[in-house]
Amino acid sequence: MNIYNIDDFGGSAVNPPLLAVRDLCKYFPIRSRGLVRRKVGDVKAVDHVSFDLYRNETLGLVGESGCGKSTTVRTILRALDFTGGHAYFDPEGNGRYVDFGELTAHELVPLRRAAQMIFQDPFSSLNPRMTIGGIVAEPLVIHGLARGKALEERVDEILVKVGLKPEYKTRYPHAFSGGQRQRIGIARALVMNPKFVVADEAVSALDVSVQAQVINLLDDLKREMGLSYIFVAHDLGVVRHICDRVAVMYAGRIVELAPTEELFERPLHPYTRLLLGSAPIPDPDRRTLPPNPGEVADAGNLPAGCAFAPRCPYATAVCRKERPELRTMSPLHLASCPFAEQ
Amino acid sequence: MNPNVLEIEDLQVSFFSDEGEARAVNKVRFAVPRGKVLALVGESGCGKSVTSYSVLRLIRKPGKITGGRILFHSADGSSVDLASLRENDPRLFDIRGNRIAMIFQEPMTALSPVHTIGNQLEEVLFTHGKPAKAEAKARVIEMLGRVGIPAPERRYAQYPFELSGGMRQRIVIAMAMLSSPELLIADEPTTALDVTIQAQVLALMQSLQRETGSSVLLITHDLAVVAQVADFVAVMYLGRIVEQGSVREIIKSPRHPYTHGLLESLPGLHGRRERLPSIRGTVPGLFDLPEGCPFHPRCDFAKKGLCDRGEPPPEQVTSDGRRLCCFRAEEMAELLKKRDGAETTA
């Protein structure tokens, strides 16, 4: 297992990141029909994605379906193998980074304690034949971290923390509402005392009154347990509320990355503007439904230049030919549009 | 001509199981004014979809309409109580898919995968009339163009799997609009769509509605969508309408504590705040409804001895003309104002 330090990937020494993703790529092969099934191309689901995640930070990853936001986080956690790139992770905070991309399955095991995931669907992500106690205890048992009385106590403790009664331990998932199930999913992720948690559309399936409770819970737990989140979501209101910084993805790439308020108040990339402008505002006196032309780009058949150019009102000949790089517009604000200044 | 296209009076729908009778819709009463958009909003399980399915008589066993009337006032002056019709009444076939059409939530499952787009759309015309094949085709292609499908002649011969989700929802809308319905029921028409596509589809529905002057009953959980497209709003909780009024009244100055709580808990409205206001507790099951007002266990304004006993509160009209079901209806304006004031200063 190789150990890296901050100079190996160019991170900030003043504020070293917990996780540094560099040029992450995940391609899925497209095969021809027939017996041979030759590889005829790639779906570039994630294409040279780079960002840092700092300690105690919530980074939002937003975009429309198929933009690669879920594939990005799943690849980082090695639920999928890397096609290319690196994800340097420093769970101990001592400047010794390991690269998720090059670890063997065996080497990954201890790191999985520090990096956990909360899933979207509170109905399909819990085994219906296990009790709540069993579901929450399972990670501890697998990693051999606790047994007997200590195990029971740890499970009780975490259930209380997420707002569930320890008496519920003997019940099965079907006896719980959507919001409660999502709390169980959160308990299962946090029982390992992780440093880094990926929440993949963790509140999307919940009704708004319950959603607010779970958002508050995630925020409280972050402070209490010193967590860092990558928060994958398509609901911009939720993202604005909970995230410190936001990365906008389009067709497998990050097109803009900025502190939350900066991004919402001064979006630089035309796609970010389209996205923000499309979100309905709950105010009957401000009716602003833009009839936007165009469809999300097909990741298996991307145009040569900027993937957004076919939908972009400002696109020029340059945009259709050359693929724009993510540029630093101001110290914390990155955008990948050659005309971002304008 | 009756100013309302649809009037629902004391509608009751129950589902019967071994555990007993679940009253999914309870004494629901509202009207859809002609040419307007009425949004029926609420969280999952509140009965909004069951209400809309009842209008077209799509409730199947173990569900049953157990009471009330569903009056459909057609533009030709005729009125019919849909709740009283037998399931095989010919009047039902004349109305369903023709005078009242429906758009379903899932554009993936609302279309047949083994028929071409053209075929499926023409079926609407052949079911409700006897147009010549060429005429039907021309009307279908024209409608595809109107809902913003590029190259409608080519799409006519394609299958649903060849189209994106947004395109499919346009096809479903085209199908519903083909018969120029007087009332369009749209059940979460944009919930499955991405936000940029949602904006397009909502804008399309709005322009079609204005062009044709049809009325819309919109079923949704999304208050932002309601604010953008509705004229009137009815808020449902546990099978009952708790508050109704104009969109401005409901969104700008909600009176019922539940409506108020729902709007408060929308994230991102106020920029970043330390804590998001939420409604405590969860929605109880239909089998263990609390006594008194069904919302009282979650309500910050519930009064002991008033809100927690007896029958649920009936709809009241306050002195300033607001319609809500709350034992403290008259006081709510003052109470909510006081609370909002306390929050801003805090």
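In what follows, chains are A, B, ... by sequence order, proteins preceding strands, each numbered from 1.
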Interface moiety of [X] toward chain B, non-hydrogen atoms closer than 4.5 Å:
X      : value
A:D235 : neither
A:L275 : both
A:E265 : neither

Problem - Near-ring test A:F176/A:Y168, centroid separation under 6.0 angstrom - result: yes
Exercise for the section: Report the distance from atom CE of B:M143 to atom CD1 of B:I171, rounding to the nearest 0.5 Å. Expected result: 11.5 Å
Handout entry: Parallel, tilted or perpendicular, as decided by the 30° and 60° cut-offs, for the rings of A:H269 and A:Y271
Key = perpendicular
By a 4.5 Å heavy-atom criterion (distance strictly below it), what part of [X] contacts chain A: side chain, backbone, both, or neither?
X      : value
B:V229 : both
B:I251 : side chain
B:S44  : both

Fill in the blank from the handout: Greatest number of non-hydrogen atom pairs under 4.5 angstrom with chain A, of B:G148, B:G281, B:G261, falls to B:G281
Exercise for the section: Would you mind telling me which of B:S207, B:A224, B:S278 has the largest number of heavy-atom pairs within less than 4.5 Å of chain A? Expected result: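 The answer is B:A224.
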Practice task
May I ask you to decide whether B:R255 forms a salt bridge with B:E249, counting only side-chain N to carboxylate O separations under 4.0 Å?
Solution key: no
Handout entry: Salt-bridge contact A:R245-A:E57 (side-chain N to carboxylate O under 4.0 Å)
Key = yes
Exercise for the section: Check the surroundings of atom CG in B:D288: do more than 12 heavy atoms from other residues, nucleotides or ligands lie under 6.0 Å from it? Expected result: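 Yes.
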